[in-house]
Each structure stands twice: as C-alpha cells, then as structure tokens.
Amino acid sequence: MIIHSSEFEISAVRPSQWPEGGLPEFAFIGRSNVGKSTLLNRLLNRKNLARVSAQPGKTRQINFYVINDCFRFVDLPGYGYASVSKRERSQFASMIDKYLLEREPLCRIVQLVDIRHEPSKDDVAVHQGLCALDVPLLVVATKMDKIGKSQVASHVKKIRQTLQSGVEIYPVSAEKRLGLDELWTVFEADMAPWFEDEELT
C-alpha cells in the first residue's frame, strides 16, 4: 500500500459526529498501553498523526483518520486503564459498543495485545465480545522486537490459547517496522470488494 495522504478527520463521542461518506473503516482497539498510536503512525508513515502519550488511556474519543481519500483507520479508546472512574469506563464502553454494533462501513476490527505478556482478563473479555460480532477480526501482537526471535512462536501460541479462539494472530514490531506488510495485505484484500474497478495503491 502506497500512502499518498493520511489526515486526522474528527474526534467523535456520539453517532451524529461520525463521518459520512461510507468509506471502508478499520477499527483498532486494545489496552491503553499496548502501542496502538505507534502502530497507526508506522502503518501510515507518519510520526505524530496519532498522538503517542506517556499517560495511558489518553484517547477518550473515537478518532477517525482518512487515508488516500478512500478508507479510514478508526482509533478506539483504550481499555484496562485504572486512572479513570467507573462512570468514565462505562461511558467509554458504551461509546465503543455503539460504534462496533452500528457502524455500517466497518469492514475489519484489529485487536492489539502485547506479545510479551499473557492476555489480560480484559483482553479476553473484549476478544470474546468482538468474536460475537459479524465483522472480520484479527489480533495484532505488538512489541515483537522486545522478545527474542526464537520466542515469537511460543508467545503467539500462548496468546491463542489464552484467548481461546482461532482468530489469526499477527506478530509485529512498529518500532522496527516488522510485520506491517502482512497487515496491509489483509487490509487490501478487505477493501478489494469496495473498489473492484479502482486502483488502491
């Protein structure tokens, strides 16, 4: 995928604020410290399009980014943060659920987990909920560069066992730009039916 343009479009907290136009969307969800913003920036060859914060849970809205004027990446608020109130967590969950259940252009959900650790109870609960949706799902195991190459396969196996699902798991390192081409291959295949007569790259 050649990125000609990638722009922040809008931050939304309710459906009335969601962008119009029906472009295919890829939603990214994960724990608040899993490296979601870094992955988005690396995929789009941008340094600070998605803001990377030292404070976990900084994303409090749904952020929409439009790429090549033909599809969107959607950054959903992180989960598992301890620094916000139960009321705020409930509000975030409601906002995310509404998007995942009602957003028609959503063509793929990407759940991020940290390859270094066994998925948390939150990771497992979110994964089970995502599997129940009628939307294609994949899991990205981030921070692959933080473990040895010989450990990758065993860590991926442990993640699969803990999540108890057959969803495809893609180990990546955003910092080292490893595994990103494999993700783009999936995304391009997802978009192909939307643009059968057009060139994506």
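Note that the structure is a prediction, hence the values are computed from the model and not measured.
- Counting all heavy atoms, side chain and backbone alike, Phe73 lies closest to Ile67 at N-CD1, 3.5 Å.
- One finds no salt bridge joining Arg31 and Asp114 here, because no Lys/Arg side-chain nitrogen approaches an Asp/Glu carboxylate oxygen to under 4.0 Å.
- Scored by the salt bridge (charged side-chain N to carboxylate O under 4.0 Å, His left out) test, Arg14 finds no partners at all (sequence neighbours excluded).
- For the atom pair CD (Gln61) and CG (Leu76), the distance works out to 12.5 Å, reported to the nearest 0.5 Å.
- With hydrogens and angles disregarded, no donor-acceptor distance shorter than 3.5 Å links the side chain of Ser173 to the backbone of Leu178.
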Pairs of donor and acceptor atoms involving the side chains of residues 127-140, under 3.5 Å and at least two apart or interchain, shall be tabulated with distances.
from, atom 1, to, atom 2, distance (Å)
His127, ND1, Gln111, OE1, 2.8
His127, NE2, Ser165, OG, 2.7

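- Nearest heavy atoms, Asp75 versus Tyr65: CB-CE1, 4.0 Å.
- Here the closest non-hydrogen pair linking Ile62 and Pro77 is CG1-CD, 4.0 Å.
- Residues Leu183 and Ile3 are members of one and the same hydrophobic cluster, defined by side-chain heavy-atom contacts under 4.5 angstrom among Ile, Leu, Val, Met, Phe, Trp and Tyr.
- Leu180 places a side-chain heavy atom less than 4.5 Å from the side chain of Leu39.
- Pairing each heavy atom of Pro19 with each of Arg72, the nearest pair is CB-NH2, 3.3 Å.
- Atom NE2 of His117 and atom NE2 of His155 lie 10.0 Å apart (nearest 0.5 Å).
- Contacts of Arg108 classified as salt bridge (charged side-chain N to carboxylate O under 4.0 Å, His left out), with partners at least two apart in sequence or in another chain: Asp190.
- Atom CD1 of residue Ile109 and atom CZ of residue Phe26 lie 12.0 Å apart, to the nearest 0.5 angstrom.
- Note that the OG1 atom of Thr38 and the NZ atom of Lys143 stand 8.0 Å from one another [nearest 0.5 Å].
- Side-chain contact check for Ser120 and Asp123: at least one donor-acceptor pair (N or O, by modelled atom type) lies under 3.5 Å.
- If you chain together hydrophobic residues whose side chains sit under 4.5 Å apart, Leu112 and Val172 fall into the same group.
- In this structure, Phe187 and Val110 have side chains that are in contact, with non-hydrogen atoms separated by less than 4.5 Å.
- The heavy-atom pair separating Arg116 from Ile147 by the smallest distance is CG-CG2, 3.8 Å.
- Trp194 places none of its side-chain heavy atoms less than 4.5 Å from the side chain of Cys70.
- Side-chain atoms of Val186 and Tyr170, non-hydrogen and from C-beta on, do get closer than 4.5 Å to each other.
- The side-chain heavy atoms of Leu163 and Val124, taken from C-beta on, include a pair separated by under 4.5 Å.
- By the rule that hydrophobic residues join a cluster once side-chain heavy atoms approach within less than 4.5 Å of another member, Trp18 and Val13 end up as members of one cluster.
- Sorted pairs that involve residues 161-174 and meet salt bridge (charged side-chain N to carboxylate O under 4.0 Å, His left out), not counting sequence neighbours, are lacking altogether.
- Closest of all the heavy-atom pairs between Trp184 and Leu43 is CZ2-O, 3.2 Å.
- A heavy-atom distance below 4.5 Å is found between the side chains of Tyr99 and Glu25.
- Arg177 is linked by a salt bridge (charged side-chain N to carboxylate O under 4.0 Å, His left out) to nothing, counting only residues two or more places apart in sequence or in another chain.
- In this view, Glu102 and Lys98 satisfy the salt bridge (charged side-chain N to carboxylate O under 4.0 Å, His left out) rule, not counting sequence neighbours.
- Val126 is connected to Ile169 through a chain of hydrophobic side-chain contacts under 4.5 Å among Ile, Leu, Val, Met, Phe, Trp and Tyr, so both are in one cluster.
- Annotation: the span from Leu40 atom CG to Lys36 atom NZ amounts to 7.0 Å, rounded to 0.5 Å.
- The same ILVMFWY cluster, assembled from side-chain heavy atoms under 4.5 Å apart, contains both Leu44 and Phe71.
- Distance check, rounded to the nearest 0.5 Å: CD of Gln161 to CD1 of Ile159 gives 10.5 Å.
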